[in-house]
Amino acid sequence: DYVIGAVSGISTLSVTGSSSVCRGNGITLTAGGIVSIGTTYTWNWTDANGTPQTFTGDVLSDVPAQSTAYTVTASGVGICPQTQTINVTVNDNPVADITGNNSPICDGSTAVFNISGTADATVTYNINGGANQTIVLTGGNAAISLPASTGTIVLNLTSVALGTCTTALTISSAINVNPLPTASIAGNNSPVCVGSDGSFDITGTPDATVTYQIDGGANQTLTLSATGTGTITITNLSAASTLNLISISDINCSNTLNATSTISVNALTTPSFNQYGPFCKGAPLPQVMLPTT
């Protein structure tokens, strides 16, 4: 067997340019390498509509809508025509979106945003306009969790990238964080006398419901007024009584309480005095003072 090859003086068609492009972007293919008088480069390809396209020139610019095979033929005086084909792959731009969150939540809870989009793409985001962070959409989904959240939490998606393709994003989602209801014992009317009524004054979140116990008994509830006040009254006290606030809840959140207050009860004082006498009828009475307690 013999191989015959030229080591010089050969004009060989060459094509330079990217073999892949992100959808919507253009390509530039350059044909060259032919040394001849009046060299002509003719390009042929089929567009996304199935229509054959032709272009003459050494530099071809196009915006392919789908993966396309571009064939260029070089011809000129004194040379045999040469042909090369370059296959350009059109890659879809990655996408991402916020598919939901767990709004509203209570203060101190974990905020969760659900992200979906192109599998294995990398999403760039920030929280409340802070520093950029990234997360990978493994299998096309990801969750961003923010423990111990307070205030309003806003997630902003700024871009998503896969390979050489990047898509700018302006997508936002907010989670409202509701404050925890609170309540405290503002005071009581201690001390009271045996048989009197005792009262505890409660202040806290308007319209919230307070759960409490009296002397460690069964749980009871009190709904605060629109101004956030309420009174717990105990009638006919015979001994000291203690109020324990257990919890409070409103339409959004619940909170544990640990407040205690005691009303002391004073025993009744029985008046008495030392009896003088007896004295005889008609006899003069001595001038005496009646000592009392």
Side-chain angles (χ1 to χ4, degrees), residues 16-29 45 47-49 60-70 86-182 205 208 247-258:
T16 59
S18 177
S19 61
S20 66
V21 67
C22 300
R23 189 173 300 280
N25 291 344
I27 61 167
T28 299
L29 302 177
W45 72 98
D47 65 16
N49 297 319
L60 167 68
S61 295
D62 190 30
V63 181
Q66 63 180 13
S67 295
T68 303
Y70 294 89
I86 180 170
N87 294 305
V88 176
T89 301
V90 176
N91 299 310
D92 287 330
N93 292 311
V95 297
D97 198 3
I98 303 172
T99 56
N101 60 48
N102 61 338
S103 182
I105 61 174
C106 298
D107 188 82
S109 300
T110 298
V112 179
F113 296 92
N114 297 310
I115 315 298
S116 66
T118 303
D120 303 321
T122 298
V123 174
T124 300
Y125 68 94
N126 65 66
I127 302 297
N128 291 342
N132 281 345
Q133 305 176 62
T134 59
I135 190 170
V136 176
L137 301 180
T138 302
N141 295 283
I144 298 172
S145 298
L146 305 171
S149 296
T150 60
T152 299
I153 309 297
V154 179
L155 171 68
N156 303 297
L157 302 188
T158 59
S159 66
V160 57
L162 182 65
T164 60
C165 299
T166 300
T167 303
L169 302 174
T170 55
I171 301 172
S172 298
S173 180
I175 292 180
N176 295 319
V177 182
N178 295 314
L180 295 177
T182 60
T205 302
S247 64
I248 184 172
S249 61
D250 60 12
I251 192 172
N252 297 310
C253 303
S254 298
N255 194 14
T256 300
L257 301 176
N258 186 21

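The main-chain N or O of Val123 is never found under 3.5 Å from a side-chain atom of Thr134 such that the two would form a donor-acceptor pair. Between the side chain of Asn255 and the main chain of Pro181, a donor-acceptor pair closer than 3.5 Å is present. No donor-acceptor distance shorter than 3.5 angstrom exists from the side chain of Asn132 to the backbone of Asn126, with no hydrogens or angles considered. In this structure, the side chain of Thr68 does not engage the main chain of Val88 through any donor-acceptor pair within 3.5 Å. For Asn101 (side chain) and Ala174 (main-chain N/O), a donor-acceptor pair under 3.5 Å exists by modelled atom type. Thr124 places no side-chain N or O within 3.5 Å of a backbone atom of Thr158 that could act as its donor or acceptor partner. A distance-only check finds no donor-acceptor pair linking the side chain of Thr167 to the backbone of Val95 [under 3.5 Å]. Side chain of Thr166 to main chain of Ala161: no donor-acceptor pair is present (N/O by atom type, distance under 3.5 Å, no hydrogens or angles).
Between Asn102 atom CG and Ile175 atom CD1 the span is 4.5 Å, to the nearest 0.5 Å. Note that CD1 of Ile115 and OH of Tyr125 are 9.0 Å apart. Values are rounded to the nearest 0.5 Å. With rounding to the nearest 0.5 angstrom, the OG1 atom of Thr164 is 6.0 Å from the CG atom of Asn91. Once rounded to the nearest 0.5 Å, the distance linking OG1 of Thr89 with CD1 of Ile27 reads 10.5 Å. Distance CG/Leu180 to OG/Ser249: 11.5 Å, rounded to 0.5 Å. The distance from the CG atom of Leu137 to the OG atom of Ser116 is 7.5 Å, given to the nearest 0.5 Å.
For Asp92, the side-chain hydrogen bond (donor to acceptor under 3.5 Å, both in side chains) partners at least two apart in sequence or on another chain are Arg23.
Thr205 and Asp250 are not linked by any side-chain donor-acceptor pair at a separation below 3.5 angstrom, with hydrogens and angles left out of the test. For the 3.5 Å distance criterion, the side chains of Ser172 and Asn156 qualify, holding a donor opposite an acceptor.
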